[in-house]
Amino acid sequence: MNDILPIILSIVAALAVIGGLIPVLLKTRKNITQYPGTRDANDPATPQGGGTLLEDAPVVPAERNAPAGVELEDLEVTDVPDDVAGLETIQVETPLPVAGRLTRLRERLVRSNNILGKSLLALLSSDKIDEHVWDEVEETLLLADLGTEPTMQLVDALRERVKVLGTRTPEQVKALLREELIKLVDPTMDRALRTDRHADKPAVVLVVGVNGVGKTTTVGKLARVLVAEDKDVLLGAADTFRAAAAEQLATWGQRVGVPTVKSDVDGADPASVAYEAVKAGIEQEVDVVMIDTAGRLQNKTGLMDELGKVKRVIEKLAEVDEVLLVLDATTGQNGLNQARVFSEVVNITGIVLTKLDGTAKGGIVVAIQKSLGVPVKLIGLGEGADDLAPFEVESFVDALLN
């Protein structure tokens, strides 16, 4: 009996060791997130055991990759990887063509409650245009959130042209108003998104803004557009403060067929998540990495400093090509104040205007561009997946005047 006891104890000890290793083996996808090199003085330490998880892109049905003109039954499915075989496929969405999205947005903007074009046309078509009418024109422009300087510029130009024109038929008034508004909105600004991959690294797009403006939704919609342009995209869920924000972004990733890097710890360090997302994008040789950040009020210094840190940490790996500020168009001049502060912290390269329908006033487009010298690049008119499109000056002005 004494000879058997040590053997039994050895077996029990071995089983205990194996049992302890099982949880470790089940967490093979978890990576401890940490900054490269020396931390900044105010960098919060990553929570013990915290890390990031790479949410896999869904398995794309064969229909999506079938060559044009080839039926699904004509394709031979071979060499299915072991980790894909048997998984349920998810139908990946594709957006409407750009022309279709622009038409839809234009129609919605025409139906919205914009007062700018209709009011100006009515005033400038009056039988007599005196100082009282010009005062009303000025007031209309200010109420449309055009801003003081752009308003004075437009009124002066209209005064001169109406004086030279003499007669003022509705067609003539609409034509001159259209020309002056197009000049004011400025078609010379570069509104192209910088999403082309570099020789050895992906393009990096950072999306910022205050709470409730639609940042996460914008990231998902834009990812959908980029995928339709045959770009490989990876999403980074650096909004670690809002409940379920990471899951919302991951859901968008599943819908459009791209992976998402997110933290598995509530309240994790957003800069760490952003760093891991860019690192994964480099390793996987994707074309674009899009980083969603937490909503923050522009008057909260600590949060704005943290946003600046997110950008600095990303730049330890790759250049940030595009910083898109998402603004709610209905906030008017308050949105302009937000834009000024954000531009000081992270060097905004483009504006995304959401909710540009309903009570929104189109003048905010001009005010922001004049104040910051930053172009509006994208506009959104709702929650639908196709309610995001490139901003086109002439289409926008035509929608205001119709």
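Please read these numbers as outputs of a predicted model, since none were measured by experiment. Values below: every heavy atom of this structure, side chains too, minus hydrogens, waters and symmetry copies.
When each of T148, T151, V366 is checked for a side-chain contact (heavy atoms from CB on, under 4.5 Å) with L141, only T151 meets the rule.
Under the 4.5 Å side-chain criterion, counting only non-hydrogen atoms from C-beta, K279 is in contact with E283. Within the 4.5 Å cutoff, no side-chain heavy atoms of D232 are placed close to those of V288. L307 is listed as a side-chain neighbour of V208, based on a closest heavy-atom distance under 4.5 Å. A 4.5 Å side-chain heavy-atom check between V273 and D269 finds every atom pair outside the cut-off. The shortest side-chain heavy-atom distance between K377 and E322 falls under the 4.5 Å cut-off. Taking the side chain as every heavy atom from C-beta outward, W134 and I129 approach each other to under 4.5 Å. For the pair V137 and T140, the minimum side-chain heavy-atom distance is 4.5 Å or more. For the pair L234/V261, a side-chain contact is recorded, criterion being any heavy-atom separation below 4.5 Å from C-beta on.
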- Message: Before you tell me yes or no, could you show the steps for T218 and L324 under side chain to side chain contact (heavy atoms under 4.5 Å, CB included), namely the whole-Å CA-CA distance, both residues' side-chain angles and the distance that decides it to 0.1 Å?
- Response: CA-CA 10 Å; T218 296; L324 297 177; 5.9 Å; no
- Go through the steps to decide whether V205 and I291 satisfy the test side chain to side chain contact (heavy atoms under 4.5 Å, CB included), and finish with yes or no. CA-CA 6 Å; V205 179; I291 307 294; over 6 Å; no
- Message: Please evaluate residues D328 and T354 with respect to the criterion side chain to side chain donor-acceptor pair (under 3.5 Å), reporting the C-alpha separation (whole Å), side-chain torsions for both, the decisive distance (0.1 Å), and the verdict.
- Response: CA-CA 5 Å; D328 181 339; T354 62; 4.9 Å; no
- Message: Please determine whether side chain to side chain contact (heavy atoms under 4.5 Å, CB included) holds for the pair T251 and Q254, giving the CA-CA distance in whole Å, both sets of side-chain angles, and the decisive distance to 0.1 Å.
- Response: CA-CA 5 Å; T251 299; Q254 288 283 315; 5.6 Å; no
- Message: Does E392 form a salt bridge (Lys or Arg N to Asp or Glu O under 4.0 Å) with R191? I'd like the steps, not just the answer.
- Response: CA-CA 9 Å; E392 290 190 352; R191 302 177 195 277; over 6 Å; no
- Dump the intermediate steps for salt bridge (Lys or Arg N to Asp or Glu O under 4.0 Å) on K309 and E306, then the final yes or no. CA-CA 5 Å; K309 184 189 304 177; E306 182 185 75; over 6 Å; no
- Query: Would L235 and V258 satisfy side chain to side chain contact (heavy atoms under 4.5 Å, CB included), going step by step from the backbone distance to the final call?
  - Reply: CA-CA 7 Å; L235 305 180; V258 302; 3.9 Å; yes
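Here the CD1-CD1 distance, from I351 to I368, works out to 5.5 Å after rounding to the nearest 0.5 Å. For the atom pair CG (D398) and NZ (K174), the distance works out to 7.5 Å, reported to the nearest 0.5 Å. With rounding to the nearest 0.5 Å, the separation of CG in L158 from CG in L181 is 7.5 Å. With values rounded to the nearest 0.5 angstrom, E138 atom CD is found 9.0 Å from D156 atom CG. Between L378 atom CG and K221 atom NZ the span is 10.5 Å, to the nearest 0.5 Å. How far CG of D321 is from CG of D196: 9.0 Å, rounded to the nearest 0.5 Å.
Within a 6.0 Å sphere centred on CD of E285, other residues, nucleotides and ligands contribute 12 heavy atoms or fewer. Under a cut-off of 6.0 angstrom, the local environment of NE2 in H132 is sparse, with at most 12 non-hydrogen atoms contributed by other residues, nucleotides or ligands.
D305 contributes no side-chain N or O that, together with a main-chain N or O of G308, makes up a donor-acceptor pair within less than 3.5 Å. At least one donor-acceptor pair under 3.5 Å links the side chain of K201 to the backbone N or O of L317.
Residues E180 and R161 are paired through a salt bridge, judged by an N-O separation under 4.0 Å between the basic side chain and the carboxylate. The pair R340-E344 does not meet the salt-bridge criterion, since no charged nitrogen lies less than 4.0 angstrom from a carboxylate oxygen. Between E276 and K262, none of the side-chain N atoms (NZ, or NE/NH1/NH2) sits under 4.0 Å from a carboxylate O, so this pair counts as no salt bridge.
Using modelled atom types, one finds no donor on one side chain facing an acceptor on the other under 3.5 Å when comparing D239 with T293.
In plain terms, the two heavy atoms of V310 and A274 that are nearest each other are CG1-CB, 3.9 Å. Heavy atoms only, all atoms of each residue included: V256 and R224 are closest at CG1-CB, 3.4 Å. Minimum interatomic distance between E136 and L123 (heavy atoms only, all atoms of both residues): OE1-CD2, 3.5 Å. Taking both residues in full, the closest heavy atoms of I314 and V320 are given as CG2-CG2, 3.7 Å, listed atom of the first, atom of the second, then distance. Taking all atoms of both residues into account, the shortest heavy-atom contact from V374 to Q369 is O-CG, 3.4 Å. Shortest non-hydrogen contact noted between V346 and K311 is O-CE, 3.5 Å.
With sequence neighbours excluded, the residues forming a side-chain contact (heavy atoms from CB on, under 4.5 Å) with E160 are V164, listed by chain and number.
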